Amino acid sequence: YSFFPGTPRWPANRRDLTYGFLPGNELTDEIKAVFSSAFQKWSAVTPLTFSQTDSLLTADIKIGFYSGDHGDGEPFDGVLGTLAHAFSPPSGRFHLDADENWIVSGDVMRSAVPSAVDLETVAVHEIGHLLGLGHSSVEDAIMYPTITSRTRKVELANDDIEGIQWLYGSNPNYNGSTTPTSTTEERETSGGEI
Amino acid sequence: SLFPNITANPPWLHPNATFLAPWDAFIKFAGCHSGETRHGLSKLKHYFSNFGYIPITAPNFSDDFDDELEKALKTYQQNFNLNVTGQLDDQTLQQIVKPRCGNADIVNGTTSMNSGKSPSFHTTGHFHTTGH
């Protein structure tokens, strides 16, 4: 694991973070639930909690889909290439490339479209950046930089957990191991209310 | 394009349709080595610059396979657990063209990915041991 220069992190008095969505994207509850599931991966191993707010203005983490040049100096490049980016704490800006073919649910590996990208896979990775993690050379880690199309990787590896717990400490309920969950089971439970 | 499930792909997304992703053109540089000049190599330098491997020192990059590009390649290969050859071999190019996160691997010249670790580790990918 790695950190951003200076090891920025959310301050100790901000452990209960809120996230909001760009209203113009008009995301469905099903799509928002994917992000909720992604946040839970990180809250399961840290003392951090994440809750959705309707106010993008006051949200700690601001999530939006954008195309091309969207004003932050890091333009998106169309289908594939760069998929998303996120800023280090306490910026909270989380941008996804609107031109990608995002798969919200279902087995992305069975998609007939070569450019299909699993939304939750990318969301879990970018949340790592929002919390202060940089990229990792460990291929199994969520924070590995490349995110291949038609693949799904949403479980934190030991490398990710060690990194994030170095920044924030452990969740008191964390028992030291991640709970393996099959893709089918995850999909069935991630479509509900946030 | 947000698809609720994998069967919701629109008809214009034909499974067999071929399209060129932004970095696919880099594949043509396979075998290119230090000292060569190839049209478009400047775009590869921009790629490495975007992800922190080459500092932006000039407004435009040249199409020369220079020392700066070779150094960037070696660092990249270390970070991605590839053979550190400093050359545009197939294995490295296949890694480069993969879709990825837009955040840089190296920020302000520093990284704790493999290339930022001790030389004895990152040059070989494992510790040297001697049986006693």
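Just so you know, these numbers use all the heavy atoms, side chains as well, and skip hydrogens, waters and symmetry mates. Keep in mind that this is a model prediction, so the values were computed, not measured. By convention in this document, chain letters (A, B, ...) are assigned in the order of the sequence lines, proteins followed by strands, and residues within each chain are numbered from 1.
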For A:Thr148, is it the side chain, the backbone, both, or neither that has a heavy atom closer than 4.5 Å to a heavy atom of chain B? both

Applying a strict 4.5 Å limit to non-hydrogen atoms, the region of A:Tyr1 in contact with chain B is backbone

Within 6.0 Å of NZ in B:Lys28, more than 12 heavy atoms from elsewhere: yes

If hydrophobic clusters are built by linking Ile, Leu, Val, Met, Phe, Trp and Tyr wherever their side-chain heavy atoms come under 4.5 Å apart, do A:Phe76 and A:Leu27 end up in the same one? no

Any side-chain heavy atom of A:Pro145 within less than 4.5 Å of one from B:Met113? yes

One option among A:Glu126, A:Met143, A:His95, A:Glu74 has the most heavy-atom pairs under 4.5 Å with chain B, and it is A:Glu126

Check: B:Asn108 side chain, A:Pro5 main-chain N or O, donor-acceptor pair, under 3.5 Å: no

Group every Ile, Leu, Val, Met, Phe, Trp and Tyr by side-chain heavy-atom contacts under 4.5 Å, then state whether A:Val138 and A:Ile127 land in the same group. no

Just by modelled atom types, is the A:Ser137 backbone N or O under 3.5 Å from a matching donor or acceptor in the B:Asn81 side chain? yes

Is B:Phe51 in contact with chain A via its backbone, its side chain, both, or neither, using a 4.5 Å heavy-atom distance? side chain

Heavy atoms of A:Asp77 and B:Trp23 approach each other most closely as OD2-CZ2, 3.9 Å

What are the two closest non-hydrogen atoms of A:Thr146 and B:Arg100, and how far apart are they? CA-CB, 3.8 Å

Minimum heavy-atom distance between A:Val79 and B:Pro22, given as atom pair plus value: O-CD, 3.3 Å

For B:Lys98, is the NZ atom crowded, meaning more than 12 foreign heavy atoms sit under 6.0 Å from it? yes

Please determine whether residues A:Ile31 and A:Phe94 belong to a single hydrophobic cluster, defined as Ile, Leu, Val, Met, Phe, Trp and Tyr linked transitively by side-chain heavy-atom distances below 4.5 Å. yes

Restricting to ring pair (Phe, Tyr, Trp, His ring centres under 6.0 Å), what partner residues turn up for B:Phe65, sequence neighbours left out? none

Against chain B, work out which of A:Phe3, A:Phe87, A:Tyr144, A:Phe4 has the most heavy-atom pairs shorter than 4.5 Å and name it. A:Tyr144

Test side-chain hydrogen bond (donor to acceptor under 3.5 Å, both in side chains) on A:His135 and B:Asp105 and set out the steps. CA-CA 6 Å; A:His135 284 148; B:Asp105 300 333; 2.7 Å; yes

Heavy-atom pairs under 4.5 Å with chain B: which of A:His129, A:His125, A:Glu139 has the most? A:His129

Is A:Ile161 reachable from A:Leu131 through a run of hydrophobic residues whose side-chain heavy atoms are each under 4.5 Å from the next? yes

Same apolar cluster: A:Phe50 and A:Ile63, side chain cutoff 4.5 Å: yes

If one checks every heavy atom of A:Leu83 against chain B at 4.5 Å, the contacting part turns out to be both

In this structure, are over 12 heavy atoms from other groups packed under 6.0 Å from B:Asp67 atom CG? no

Under 4.5 Å to a heavy atom of chain B? For A:Phe65 that would be side chain

